[in-house]
Amino acid sequence: MAVRKIIRMGHPHLRQVAEPVPKELIGTPELSRLLDDMVDTLHDYGGIGLAAPQIDENLRLAIIEIPGGESRYGEIDAMPLTAFINPVVTVNDPATTGYWEGCLSVPGLRGFVERPQDVTVSYTSIEGQAEELTLTGFWATVFQHEFDHLDGYLYIDRMQDSQRFVFEEEFARYWTEP
Ligand code: NI
């Protein structure tokens, strides 16, 4: 297990379409080690999701862990740490809602992004099982943000209003309720 370095905006590898995780890799010690590294890295940097390309691994693989409770996003449900292999997102309803997003590869900044709020995700579990999840609200935003990394997109590509792209310090000062 090891904390890996997270590559940041400007590194060309964040902008490539990641390769599917080959079937033969699922269930191997090699993939377990990579997932352990991703978990250690996510916990060390502090965040709710990490995609493999963010640690410079060219694979369609991401982990998400949403602590529940009161947050700057309001009251949200918790989601235990889960790994998603080769996820595919289908939008069920194109109506969008916006949230302030941050990204470990774009440190120190926040941006307001509108995304669909009702999506279904098909993926392979770490056990190699085909799974499907339907996500609404904030969870839908989190999943789309993470899986965008697998296609070489960052949240800044999804922003419609560059005036709402701000530093964290100014975010806290000017953009949050007192
Ligand atoms: Ni991100």
Side-chain angles (χ1 to χ4, degrees), residues 2-21 34-68 71-74 76-91 96-117 119 121 123 133 135-162 164-172 175-176:
V3 174
R4 303 270 294 265
K5 179 183 167 186
I6 293 182
I7 61 174
R8 307 199 301 179
M9 180 169 64
H11 193 305
H13 289 178
L14 281 176
R15 295 314 209 157
Q16 64 192 8
V17 176
E19 295 290 333
V21 176
L34 173 57
L35 281 165
D36 284 347
D37 284 359
M38 288 174 68
V39 172
D40 288 348
T41 305
L42 178 66
H43 288 163
D44 188 72
Y45 278 78
I48 56 180
L50 184 73
Q54 292 182 275
I55 57 166
D56 206 9
E57 294 283 352
N58 184 23
L59 286 171
R60 303 187 74 79
L61 171 66
I63 56 171
I64 295 174
E65 181 180 42
I66 304 174
S71 76
R72 64 190 172 89
Y73 303 108
I76 52 171
D77 293 329
M79 200 191 71
L81 182 64
T82 309
F84 299 88
I85 297 169
N86 300 333
V88 175
V89 177
T90 307
V91 174
T96 61
T97 294
Y99 292 95
W100 285 91
E101 298 187 19
C103 181
L104 295 172
S105 292
V106 190
L109 290 157
R110 298 238 176 272
F112 190 79
V113 186
E114 301 220 14
R115 299 185 192 263
Q117 297 293 288
V119 301
V121 173
Y123 66 99
L133 267 181
L135 307 148
T136 57
F138 176 69
W139 282 27
T141 280
V142 170
F143 277 67
Q144 289 169 87
H145 173 123
E146 290 314 325
F147 300 160
D148 260 358
H149 281 296
L150 309 179
D151 289 322
Y153 291 109
L154 299 174
Y155 75 78
I156 58 161
D157 307 325
R158 306 298 190 195
M159 292 182 53
Q160 291 173 329
D161 178 5
S162 56
R164 286 192 280 181
F165 185 41
V166 305
F167 289 105
E168 277 171 353
E169 204 179 314
E170 281 71 11
F171 175 75
W175 294 87
T176 54

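This one's a predicted model, so the numbers in the text were calculated from it and none came from an experiment. Just follow the structure's listing: the first ligand is 1, and inside any ligand the first atom is 1.
- When all heavy atoms of Ser105 and Ile6 are compared, the pair lying nearest together is OG-CG2, 3.6 Å.
- Of all protein N/O/S atoms, those under 2.8 Å from the Ni ion (ligand 1) are Cys103 SG, His145 NE2, His149 NE2, and waters are not counted.
- Considering Thr96, Thr90, Val89 in turn, Thr96 is the only one that fulfils the side-chain contact (heavy atoms from CB on, under 4.5 Å) rule with Pro116.
- Enclosure of atom CZ in Arg15 by more than 12 non-hydrogen atoms of other residues, nucleotides or ligands within 6.0 angstrom is indicated.
- If you run side-chain contact (heavy atoms from CB on, under 4.5 Å) between Arg115 and each of Val91, Thr141, Thr97, only Thr141 comes through.
- Applying the side-chain contact (heavy atoms from CB on, under 4.5 Å) test to Glu170 and every residue at least two apart in sequence or in another chain returns Phe167, Tyr174.
- Aromatic ring pairs are classed by plane angle as parallel below 30°, tilted from 30° to 60° and perpendicular above 60°; the pair His11 and His13 is tilted.
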